[in-house]
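Chain A is the first sequence line, chain B the second, and so forth, proteins listed ahead of strands; every chain is numbered from 1.
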Amino acid sequence: MEMNSPIGPNALDKPGVVGKPLDRVDGRLKVTGGARYAYEMQQEGVLYGFVVEASIAKGTIRSIDTRAAEKAPGVVLVLTHRNAPAQGTGNHREAHPVLTGSQVMAYGQPVAFVVAETFEQARAAAYLVDLKYHRSDGKYALRSNLKEVRVPKPNDAPAADSAVGDFAGAFESAPVRIDVTYTTPLQSHAMMEPHATIAMWDGDKLILHTANQMLNQGQRAIATTLKIPAENIRLISPFIGGGFGGKLWVNADAILAAIASRELKQPVKVALTRQQIFHVTTHRSDTIQRLRLGSDRDGRILAIGHDVFSGNLPSEQTYEGAALQTRTLYAGPNRLTRHRLAPLDIPVASSMRAPGESVGLMALECAMDELAEKLDLNPVELRVRNEPSEDPEKHIPYSSRHLIACMHEGARRFGWDKRNAKPGQVRDGHWLVGMGMAAATRGNPLLLSKANVRLDPDGTATVKMAMTDIGTGTYTILAQIAAEMLGLPTERIRVELGDTDFPQAAGSGGSWGAGSSGSALFEACNALREKLARTAGMDPATARFDDGSIASGELSRKLTDLVGAGMEADGEIRPGRNNKEFSQQSYGAHFAEVGVDADTGEVRVRRMLGVFTAGRVLNAKTARSQAIGGMVFGIGAALHEAMTLDPRFGYFVNHDLAEYHVPVHADIPAIDAIFLAELDDRSNPLKSKGIGELGICGAGASIANAIYNACGARIRDYPITLDKLLSSLPVRA
Amino acid sequence: MRAFTYQRADSVTHAAAAAIKPGSKIIAGGTNLLDLMKLQVETPSDLVDINRLPLDKIEETAEGGLRIGALVRNSDLAADPRVRQRYGVLSRALLAGASAQLRNKATTGGNLLQRTRCYYFYDVTKPCNKRSPGSGCAAIAGFNRIHAILGTSEHCIATHPSDMAVAMRALDANVETVDGEGKTKVTSIAEFHYLPGNTPEIETSLKPGEIITAVTLPPPPPGVQVYRKVRDRASYAFALVSVAAIFDSTRGRIRSARLAFGGLAHKPWRVAKADQILSDASADTATFNAAANAVLEGARGFGGNDFKIPLTRRTLHSVLAEITRT
């Protein structure tokens, strides 16, 4: 099916198992260790690899002496650019070729790969590789390199600039103006499972057990890099311990293992260490964002401008699309958004959870708070007054949009009316207490996906697709969809994912996973229903599927009597005109209450509520978990997370989890997320929208706005650590 | 991690004798040492495991204090009823450190000997005088948000990361050691940890082959005991500044006071003059200011950690106001 028209009434509209807060079908496997991740796959005769990283940021390898490493106990191979095979050049993200020459493009670039009989032997020998460099000057810090920015021209993202009306004139003449600059730091995904791969060859066929979010894309990319046909490559990834965009691409671990395994004719496994992940894989660029809002005295936006600077390798076009949501979130006749990219010699920047919106809303939604204060207007009311009737730049309708309902319901449940608009007025012991809110929005993409479903005579249905579950609950929602469509209990549904031998699927990322894979499965189930109905001699349009039977009128047949030796069907979903003719986003509103220690400036979130609309909720429990996980991510972005670049060395100084801070349990207070009822009949056959990233969008801004309300300090440089607040706190002494 | 030999000590003197060998290291909880070995910041040739030695008791001393065996785990020490009743500052400091899992493994002796968390110390490709004497200090002109503002030298501005040691410094603890010949020694905790000076690689008074057997606490001083740790997240973060305070005061009058600080220096920081200012003094802002000035005398920031100076002052005020309110 191609999404070209509205979805009419369908089989999911009646109350059923879809939407129920079903426990994860893979939960037991996960908590008992039965779910095996890439590195845990056992393989006879496996060898262990260890990556040697460049310890300079830019320059050339002057000499590389591997003799000591090669003589070390257990070592079977030391790969360097001198003996690595020639590779195809894909782009830097999708499957970066490794060990291609003596040039060092960024700190942490793999410069050698040591393979030994045990992990400890490989690691010890890696330290024996003697590297000497010619260091050259590089450009590292974004803020020091703004003079050389260029207009990025990516082929897989929206244009860098947009303009409607006369922004400059309208802003100049607006009665009320806000002109502020926000900065967000370099961030690392910090997922739980490190990047890991086991590579093995069966003749000219490559099998990779690897932690990867998008297997089909990875398969194609590896084919280019290793110069072998895609059909000779099989990626297997049934369980992934988090990705957040850090595993969208094939990382060096997979390419190095594949090359070494081909050379050695033995399986090779490798996992990046926690410290290596920060440099060897991708990260989110820091941003500098200038927000200009001009409104009339009633708060109606007349001019809205958002300029964003981010950085990436000189060879890259990927920019942090922090102004993209500004093109569609609020009304206003005069608009300007621009993205500029600074070429930097630091590791490649790429997607991290809600690329664009995540950090863009941390600026836009605080600027809106600043405008509300200037207008002496309730922040919720300011947003209500700027609710657009259509997409203000594309001039197309929204597929569905209930931002105002989210804000009003959230305000009511949270007790927003108890907020004192004047900062610094509420105290609880030594805590200064404040409330803040922010809007949430995230685009709703749909990607090509296919599925196969087969019903066997034992009454079990098996779903197969090259989809991944990165911890989000994909196995569970797919089981629910198949169970509902085929009238079977979820226990009779077997979902098999994470294998490129299965039908092509979208993979997990960009909040498209559930909608894309679920719709393909929905279509496959519809096709199977039709086959079953025809076999039973019933009209597919009116046949009912319930309790393992198909019924029409008084007639009822057991499905198991109809399938013979087994009956299967395929399904497919393709994006169509609906994605161009309708502006598709999910929406929400965050409300946060924080305490700021009046003496030390320590910030602790006291409670937080997110109210969202994202079309049909496929599983109330996993959806809530996803939303809360996103909100926790937002707390981290507001208060904790930052990679610090040392411009002397061009590297991230705090490259471990002791000093790259993410929130811990004690940082997360009473927190809740609810979804308001909504169906979006333009998004996909499930009428659902993506939720994997919505929770993070705007969450950080609500924290920052609450901090301002608590103590009167408007910090525009994230994360908001206590040192930035000290000078604004009540005088001591 | 480099290859190493491993032996399990069956007596304290055996352990001490084995540890004399250059390149050998004692391992107890291993919560810090193993991490450093994986990164080759530590490259011992021999490990001497002391976990089976009978050093895991907490006993009353004749003077009315406690003798804490070097192998008493942080969790057990924090939970001991005698510690909780009489040395609350120690219990609180322990529970403010690390995570439950780490505290279950970490030992009293090992905690005193943990290495700094300086980012550059942790990365063998970067200069660090502590790890590689003479290579320079990358932190002084680098990223130094977590670094020291007191007692620094031109060679090193690292901090000691322990919470436990800060409380012990306020309690005037003593460190008992034994060497390979069975000779025992008692060192006050004030003299146990060193400032970096010209030799930041030498962090304590321990000589090769000397091992910690116990920490003794004198009878508890009178008054209220408080531990306040200021950090970047609510748990599992090292102190930006921490204060161990023991105060004997009543109705706005302070009889005696002891203050020790973490996160500020290469060792738990205590200033006799500050304690004197707070003894037999009125509990008011002027007194607190004078005490803060005494604590921060000679304080110097290096850019990223400048904020620790006002933060220390503010935290001290907060603690003093809270503790003397009752």
Reported CZ-to-CG distance for the pair B:R145 and A:D723, which is rounded to 0.5 angstrom =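 Rounded to the nearest 0.5 Å, the CZ-CG separation comes out at 4.5 Å.
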Look only at the side chain of B:R117 and the backbone of A:A658, and say whether a donor-acceptor pair between them is shorter than 3.5 Å.
->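 Here the side-chain-to-backbone pair does not exist.
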Check whether any side-chain N or O of B:R233 sits under 3.5 Å from a backbone N or O of A:P663 as a donor-acceptor pair, and report yes or no.
->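 Pair absent, no side-chain N/O of B:R233 close to backbone of A:P663.
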Under 4.5 Å from a heavy atom of chain A, the part of B:A3 involved |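 Neither; nothing under 4.5 Å.
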Under 4.5 Å heavy-atom distance to chain A, tell me which part of B:I146 shows up: side chain, backbone, both or neither.
->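 It is the side chain, since no backbone atom gets that close.
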[X] side chain near [Y] side chain, heavy-atom distance below 4.5 Å:
{"X": "B:T125", "Y": "A:E53", "value": "no"}
{"X": "A:D656", "Y": "B:Y119", "value": "no"}
{"X": "A:E659", "Y": "B:F238", "value": "yes"}

Does any backbone or side-chain atom of [X] lie under 4.5 Å from a heavy atom of chain B? Answer side chain, backbone, both or neither.
{"X": "A:H640", "answer": "side chain"}
{"X": "A:L729", "answer": "both"}
{"X": "A:A126", "answer": "neither"}

Inspect the contact between B:R228 and A:D599 and indicate whether a charged nitrogen and a carboxylate oxygen are less than 4.0 angstrom apart.
->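 No, this pair does not count.
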Go through the steps for A:H655 and B:D123 under the test side chain to side chain contact (heavy atoms under 4.5 Å, CB included), then give the verdict.
-> CA-CA 9 Å; A:H655 53 277; B:D123 188 334; 3.2 Å; yes
